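Below, chains carry the letters A, B, ... as their sequence lines are ordered, and counting in each starts from 1. Quantities reported herein were computed from a predicted structural model and do not represent experimental measurements. As a basis for the values below, the full set of heavy atoms in this structure was taken, side chains included, without hydrogen atoms, waters or symmetry mates.
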Amino acid sequence: MPHTHPETELHNPQSTKPPLDPHLKALENEAIHIFREVAAEFERPVMLYSIGKDSSVLLHLARKAFYPGRVPFPLLHVNTGWKFAEMIAFRDEIVKRYDLDLIEHVNPRGAAESVTPFSHGSALYTDIMKTEALRQALDAGQYDAAFGGARRDEEASRAKERIYSFRTPDHRWDPRNQRPELWNVYNGMVRKGESVRAFPLSNWTEVDIWRYIQAEDIPIVPLYFAKKRPVVERDGMMILAEDQRLELLPGETKRDEVIRFRTLGCFPLTGAIRSGATSLDDIISELETATVSERQGRAIDRDQSGSMEKKKREGYF
Amino acid sequence: MTAPATANAVQDDAAGQLLAFPAPETARATRDSRPLRLITCGSVDDGKSTLIGRLLWDTKAVKEDQAATLRRDSSGKQNDLGLPDFALLLDGLQAEREQGITIDVAYRYFSTDKRSFIVADTPGHEQYTRNMATGASTADLAVLLVDARVGLLEQTRRHATIATLMGIKQFVLAVNKIDLTDYDRARFEQISHEFRELALSLGVRQVTAIPLSALKGENVVYDGRASMPWYDGPTLVEVLELATTRSAQTVGFRLPVQRVSRPGESFRGYQGTVAGGSVKPGDSVVILPSGMVANVTKIVTFDLVRNAAVAGDAITLVLDRQVDVSRGDMIVAIDSQPLTGLAFDAQIVALQPDGIQPGKRYWLKSGSRRQRVQVQPASQLDLKTGKWEHAEQLSMNAIGKVHLAFDEQAIFDPYEQNRTTGAFILIDPDTNNTVAGGMITAKRSALGGIHTEDARVILSLPADLADQLMATELFAGRREDAEVRRVSAGKASEIIDTIDG
Ligand SMILES: Nc1nc2c(ncn2[C@@H]2O[C@H](COP(=O)(O)OP(=O)(O)O)[C@@H](O)[C@H]2O)c(=O)[nH]1
Ligand SMILES: [Mg+2]
């Protein structure tokens, strides 16, 4: 994408905002440090952008890290064709507003072999349309570093992962042999073909993410806020029944419910929660008293313990 | 000093902002400090993972779906108490679950009404010491576990030593599985006493000993008075709530430059995280290693142009003149500069099977600076005796003293004074793996009065000074490192002249 715009942001849109509390400030400082370190040490960094709340925070931190310059790497969105329509609209708006370079990749096998979450089942579908697609995109771009928004509090195998997570040329993670990572001195030495996944949000919790979104006034996809929406019940989850990509099975009926989403992904695999939280304040107080974890709404994580580690070893983000 | 004004502003705003939050969050609004970072360490099976699992459980950091998974995964492996296997909350890797051990460090997050915590659960096996060191490097406090039935082991000593080397000054001795000793008070006191002696020899003064049962949750979050009426000290969580985070570093301003930002002709800024001290516009600074001097004109951040920055802040610094600054340089206070030179002394922990080979050239990375270094092992700590023994090379997991020789100027503070600018890692150029973590102890000089012979320092001093030095406590611990030669006062002043000149 060619750039003809002035290279500095002349206006500082947030200059009247009150300072962050020290806890969030410390997390922000750490993330900015990681962004700058990776951008300086690697030849071809890229940022994985999934349009969710963590990605929104990640992007905001990247803009802060390189201000007054532009974000010095492209964003990569691995699309499956099954994302919520509102996510795609939001993505396009953000890319325009912040003048970002976006690379979108869809696994060509998806269209060629009509891979859908319904025909192939969630496990195989995820493997082809996300894991394989990500590997294709990373290989095509020859990226030696990829930023991701994963947090250690999300899941037990993520809790084990380094901030610079080393990957072999075929994108494998070897959890038994991770490089030691001491202080904030990161080892960014890789050979050709090898890469790291870098996780600036490693030490953030879900509540931190929401409190930061609130404090920094970060735009997020409206699906995170409660609204009356059409849903169908399937496999114990409430699925959004908003567009024609969802075919109702015999016996299924649409109904309206006041719902929102705690995480966003492919709409047929993402369960909504009943919630009246229409503001960030509401979401945060709902979280403080939540009795289930955020990943509960994701079909792909529920198969078995250790399923995430397996996916990660094979190259899933 | 500008720092207090800034700090107040932050607190006021944070409080004002949090007041608008609904009730549950307000309780946490008192959390005005950075989270406490802690590690659990100790030998295999002493109960480290169980203890953290219990901490998460009792502070309600485990959600219902995770609890259900835990119950499912624990079934069959249930202990006689019928409690779930809390360690499964931590041992998240397949290999760990299969073998029932911890292989790599897990980071978990929990909070109480008073504070939030980042806890690193580290492996006990000697072969995974590197992962323990990873956890220790960023920790403010170490919880050292011992099995009440077994007492202190070599691995306990190793972990206590590594934790101390890495600058941890606060320890909790958790005498665990006290339930299996029938809550034996004498046993608890005997182990605490032994540990206090070890701690003293390591120079650690802040030790709290707690008898506890991680499995049953006694003296972890809830007190264990029902079983241990004889113990009236704090619970683990009470100690953690009161512990201090790593204090702001006292040395002068340090900014390791990560990158130079040149978005257009009109702007040139130096980006990095303040690694010590503070800075404000108007301050005079020196760029190292070049030694050029400049003044700070602006501190730029996304939010606002700031009037000061302190240790920990990620900033962009603008200087008043065109100077040559690149990644790896350090911008420092003019009146309080770090050490620069070609030779330094350090303590390191060897982390990989090949150990540290004498004379081999490694990459050293410290802050944003990476350079070639030759590493010469000098001595190794014998964990049984606590003595430093002469060593030519260091094998995996060894703790050693080494001499570092650089081709180009290196820039450090002693680790004791600055945990960022005094720390480094060694990278093996053949494998690209991180093979050691290191802490700078001092600069070595190749000049006059101090020189090396067989890796020992020779000090040539006037006789009276030499005798005084030999009598000091400081020197007593370093007899193997140095030899003192008595010379006449005239000769000594000659040597000093050559150093100053
Ligand atoms: N009775 C009793 N058993 C415990 C206690 N703490 C841990 N254990 C058991 O000791 C074993 C080893 O615990 P684990 O947490 O894996 O030890 P680690 O290797 O230090 O992480 C497990 O079977 C635990 O259930 C305790 O306080 N009392
Ligand atoms: Mg363990």
So, A:Glu30 and A:Lys25, do they make that salt bridge, N to O below 4.0 Å? no
Regarding A:Asp153 and A:Arg158, does a basic nitrogen lie under 4.0 Å from an acidic carboxylate oxygen? no
Where does [X] contact chain A at under 4.5 Å (heavy atoms): side chain, backbone, both or neither?
| X | answer |
| --- | --- |
| B:Thr431 | backbone |
| B:Phe424 | backbone |
| B:Arg37 | side chain |
| B:Val300 | side chain |

Does NZ or CZ of B:Arg370 lie under 6.0 Å from the centre of the six-membered ring of B:Trp363, at an angle within 45° of the ring axis? yes
B:Ser368 versus A:Arg36: any side-chain heavy-atom pair under 4.5 Å? no
Are any of the side-chain heavy atoms of B:Arg268 and B:Val318 separated by less than 4.5 Å? no
Proximity breakdown for [X] and chain B, heavy-atom pairs closer than 4.5 Å:
| X | result |
| --- | --- |
| A:Phe166 | neither |
| A:Ala31 | neither |
| A:Arg191 | both |

If you count heavy-atom pairs under 4.5 Å between each of A:Arg176, A:Lys160, A:Glu41 and chain B, which one has the most? A:Lys160
Please identify, among A:Gln178, A:Arg152, A:Glu28, A:Glu194, the residue contributing the most non-hydrogen atom pairs under 4.5 Å to chain B. A:Arg152
Indicate whether the side chain of A:Arg63 and that of A:Tyr67 have a donor and an acceptor atom separated by less than 3.5 Å. no
